Amino acid sequence: MKRTVTVEQKRARVVRCIRDLPPGKVSSYGAIARAAGWPGAARQVVRILQQVPGLPWHRVLGSGGAIKLSGEHAAEQRFRLRMEGVTFRGARVDMKQHEFQFTKKVPSTRYPVSSKRKARP
DNA sequence: ACTGTGACACTGG
DNA sequence: ACCAGTGCCACAG
């Protein structure tokens with residue numbers, strides 16, 4: 001039979017992953033998507049963060065621990081993270097110390113990019 | 001059906 | 001470090 005995983009189910013898994021982030025620990029959009037078994041859905045993680053209230057949104061960063069928000073929002077995120085004891089290395093979070101390790105995570109799910117050639121008319 | 005958008009990820013120059 | 005190009009997925013118009 002067909003598995004037809006609905007978007008709703010994927011969203012639910014993403015939400016769970018985000019809720020699993022304990023204070024002082026962070027993750028990234030892409031890592032959350034992979035941990036939720038939905039590799040490549042970083043942009044969907046963003047949507048979910050904006051739509052679902054009550055999530056620890058400040059613990060989700062861009063790749064490499066970069067804050068992808070701007071202006072006041074970025075300041076707010078930095079503030080909240082510092083309040084939880086998260087340390088920074090310049091403008092980015094020290095992932096070495098604060099990246100949360102999801103036990104699950106899809107095995108060797110490399111980003112499906114087949115560069116090797118750029119736009120070639 | 002098609003196009004543009006977004007708190008993204010990656011690679012290459 | 002920065003920018004450009006490409007890939008990704010769902011959603012709004």
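All chains are named by letter (A, B, ...) in the order of the sequence lines, taking the proteins before the strands, and each is independently numbered beginning at 1. Treat the numbers as computed from the prediction; the structure is a model and nothing was measured.
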Colleague: Check step by step if salt bridge (charged side-chain N to carboxylate O under 4.0 Å, His left out) holds for A/Glu84 and A/Lys25.
Modeller: CA-CA 8 Å; A/Glu84 297 185 347; A/Lys25 284 297 175 182; over 6 Å; no

Colleague: OP1 or OP2 of C/dA10 sitting under 4.0 Å from any side-chain N/O of A/Lys10?
Modeller: yes

Colleague: Using atom P in both nucleotides, what's the gap between B/dA7 and C/dT6 to the nearest angstrom?
Modeller: 22 Å

Colleague: Taking only N and O in the side chain of A/Ser70, is any of them less than 4.0 Å away from OP1 or OP2 of B/dA7?
Modeller: no

Colleague: For A/Gln51 and B/dG6, what is the distance between atoms CD and P respectively, to the nearest whole Å?
Modeller: 15 Å

Colleague: Can you tell me the distance, in whole Å, between the CD1 atom of A/Ile32 and the C1' atom of B/dA7?
Modeller: 13 Å

Colleague: Send over the distance from A/Tyr29 OH to B/dG6 C1', rounded to a whole Å.
Modeller: 11 Å

Colleague: Which heavy atom of A/Ala33 sits nearest to which heavy atom of A/Ala42, and what is that distance?
Modeller: CB-N, 4.0 Å

Colleague: Hey, does A/Val26 have a side-chain heavy atom less than 4.5 Å from the side chain of A/Phe100?
Modeller: no

Colleague: side-chain contact (heavy atoms from CB on, under 4.5 Å) with A/Arg11: which of A/Thr6, A/Ile48, A/Val45?
Modeller: A/Ile48

Colleague: Please report, rounded to the nearest Å, how far the P atom of C/dC9 is from the CD1 atom of A/Ile48.
Modeller: 14 Å

Colleague: Quickly work out the A/Leu49 CG to C/dC9 P distance and round it to whole Å.
Modeller: 18 Å

Colleague: So does A/Gln50 get a side-chain nitrogen or oxygen closer than 4.0 Å to the phosphate oxygens (OP1/OP2) of B/dA7?
Modeller: yes

Colleague: Kindly indicate whether the side chain of A/Thr87, heavy atoms from C-beta on, has any atom under 4.5 Å from the side chain of A/Gln97.
Modeller: yes

Colleague: In the structure I gave you, are the side-chain heavy atoms of A/Phe88 and A/Ile67 within less than 4.5 Å of one another anywhere?
Modeller: yes

Colleague: Please give, in whole Å, the distance from B/dA7 C1' to A/Lys68 NZ?
Modeller: 9 Å

Colleague: Just how far, in rounded Å, is C1' of B/dC8 from CG of A/Leu61?
Modeller: 12 Å

Colleague: If I take atom CZ in residue A/Arg47 and atom P in nucleotide C/dA12, what distance separates them, rounded to the nearest angstrom?
Modeller: 6 Å

Colleague: Starting the side chain at C-beta, find the nucleotide from B/dC10, B/dC8, C/dC9 nearest to A/Ala42.
Modeller: B/dC8

Colleague: Under a 3.5 Å cut-off on both pairing distances, which runs of 3 or more consecutive Watson-Crick or G-U pairs involve DNA chain B?
Modeller: B:2-6 with C:9-13, B:8-13 with C:2-7

Colleague: By nearest heavy atom, map A/Arg43 and A/Arg92 onto DNA chain C; which one lands nearer the 5' end?
Modeller: A/Arg92

Colleague: Is there side-chain contact between A/Val14 and A/Arg19, with at least one heavy-atom pair below 4.5 Å?
Modeller: no

